Amino acid sequence: MTGFLLETYHQMDKRLREVMKLADLEVFTNTFRFVEFEDCDFAEFVRKDALAIVRDETRWSQLVPAEELQGKLFQVLQLHFPEEVDRGGLVGWVGTHLRRSIGTDIIVICGQNSRAGGTFDYIGYPVSVASKVRAEIRNLMT
């Protein structure tokens, strides 16, 4: 099976801890929420300050700064990785680590910016555990 990396959990843990050391971290100060709208309303409702815009078969959803602090609210951080880095499994690994260590779920939105070195991830987490998540991410980066 060419192209597939077979590794034990301990090998993956060691590799991904090294990958985390190479990441550029940005922590956003805003609180974010998802706003949904219909496909036919895209031009009217899409926002330039959205961090991400995604859709399923029927609706668009954008992650935007929250004006009202009600509903499901998230804090967000961004990790940029050098293009040549093998970050396979990273999102699941980070999610599992945060679930085990803090007890929280996360949202992850991945993107590509070739001008900034390649792949990046937005990791969103509940406001109630924001300081714990940020500390744990920084711990994984050392």
Side-chain angles (χ1 to χ4, degrees), residues 1-7 9 11-142:
M1 291 171 126
T2 307
F4 289 97
L5 179 63
L6 298 175
E7 60 188 352
Y9 175 80
Q11 290 169 327
M12 180 182 69
D13 184 71
K14 182 179 178 183
R15 176 178 59 83
L16 292 175
R17 286 178 184 275
E18 293 301 314
V19 168
M20 287 294 289
K21 291 178 184 178
L22 302 173
D24 288 328
L25 171 68
E26 181 177 353
V27 177
F28 294 93
T29 57
N30 292 33
T31 298
F32 293 87
R33 69 184 180 97
F34 282 103
V35 174
E36 299 177 40
F37 52 90
E38 301 296 327
D39 196 36
C40 61
D41 295 327
F42 185 86
E44 182 180 351
F45 287 103
V46 69
R47 291 176 42 175
K48 288 185 178 191
D49 62 349
L51 284 183
I53 305 168
V54 297
R55 72 178 190 144
D56 62 11
E57 297 79 25
T58 62
R59 292 180 66 80
W60 286 93
S61 180
Q62 59 185 336
L63 185 62
V64 297
E67 289 91 18
E68 312 90 34
L69 297 179
Q70 57 188 356
K72 244 185 176 174
L73 301 173
F74 301 94
Q75 292 282 291
V76 176
L77 60 84
Q78 180 184 61
L79 296 169
H80 262 274
F81 298 92
E83 190 170 357
E84 68 279 356
V85 171
D86 175 11
R87 49 185 284 286
L90 184 106
V91 169
W93 176 77
V94 168
T96 299
H97 182 84
L98 293 174
R99 181 68 167 175
R100 287 179 178 165
S101 62
I102 299 172
T104 190
D105 289 325
I106 60 171
I107 58 169
V108 178
I109 302 168
C110 303
Q112 173 71 24
N113 182 344
S114 56
R115 291 183 185 166
T119 305
F120 66 90
D121 298 317
Y122 289 123
I123 298 177
Y125 39 90
V127 171
S128 61
V129 294
S131 61
K132 291 179 182 178
V133 169
R134 288 191 300 267
E136 198 56 40
I137 291 293
R138 286 190 174 99
N139 181 46
L140 290 174
M141 296 178 77
T142 57

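Values below: all heavy atoms of this structure, side chains included; hydrogens, waters and symmetry mates excluded. Being a predicted model, the structure only gives us computed values, none of them experimental.
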Once rounded to the nearest 0.5 Å, what's the spacing between atom [atom1] of [X] and atom [atom2] of [Y]?
X	Y	atom1	atom2	value
Glu7	Asp13	CD	CG	10.0 Å
Ile123	Cys110	CD1	SG	8.5 Å
Ile106	Tyr125	CD1	OH	10.5 Å
Arg15	Asp86	CZ	CG	4.5 Å

- If you look only at pairs with a residue in residues 114-130, which of them pass as a salt bridge (Lys or Arg N to Asp or Glu O under 4.0 Å), with sequence neighbours excluded?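 Every pair satisfying salt bridge (Lys or Arg N to Asp or Glu O under 4.0 Å) with a residue in residues 114-130: Arg87-Asp121.
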
- Message: Going by the rule side chain to side chain contact (heavy atoms under 4.5 Å, CB included), which residues pair with Ala50 if we only count those two or more places apart in sequence or in a different chain?
- Response: Ile53, Gln62, Val64

Only pairs under 3.5 Å count here: list side-chain donor-acceptor contacts from residues 34-44, not counting sequence neighbours, and write none if there are none.
residue, atom, partner, partner atom, Å
Glu36, OE1, Arg59, NE, 2.8
Glu38, OE2, Arg59, NH1, 2.2
Asp39, OD1, Trp60, NE1, 2.8

Sequence neighbours excluded and cut-off under 3.5 Å, please list the side-chain donor-acceptor pairs for residues 18-25, or say none.
residue, atom, partner, partner atom, Å
Glu18, OE2, Lys21, NZ, 3.1

- Item | Phe32/Ile107 under side-chain contact (heavy atoms from CB on, under 4.5 Å): CA gap, chis, key distance, verdict | CA-CA 12 Å; Phe32 293 87; Ile107 58 169; over 6 Å; no

- Taking C-beta and beyond as the side chain, do Val27 and Ile137 meet within less than 4.5 Å on heavy atoms?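 The answer is no, as the side chains (C-beta and beyond) never meet within the 4.5 Å cut-off.
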
Under 3.5 Å, side-chain donor or acceptor atoms of residues 67-81 against the rest of the protein: list the pairs with distances, not counting sequence neighbours.
residue, atom, partner, partner atom, Å
Glu67, OE2, Arg47, NH1, 3.3
Glu67, OE2, Arg47, NH2, 2.9
Gln75, NE2, Asn30, O, 3.2
Gln75, NE2, Thr31, OG1, 2.9
Gln78, NE2, Tyr122, OH, 3.4

- Least distance between heavy atoms, Leu16 atom then Gly88 atom: CD2-O, 3.8 Å

Sequence neighbours excluded and cut-off under 3.5 Å, please list the side-chain donor-acceptor pairs for residues 95-103, or say none.
residue, atom, partner, partner atom, Å
Thr96, OG1, Gly92, O, 2.9
His97, NE2, Glu136, OE2, 2.7
Arg99, NH1, Gly103, O, 3.3
Arg99, NH1, Asp105, OD1, 3.3
Ser101, OG, His97, O, 2.8

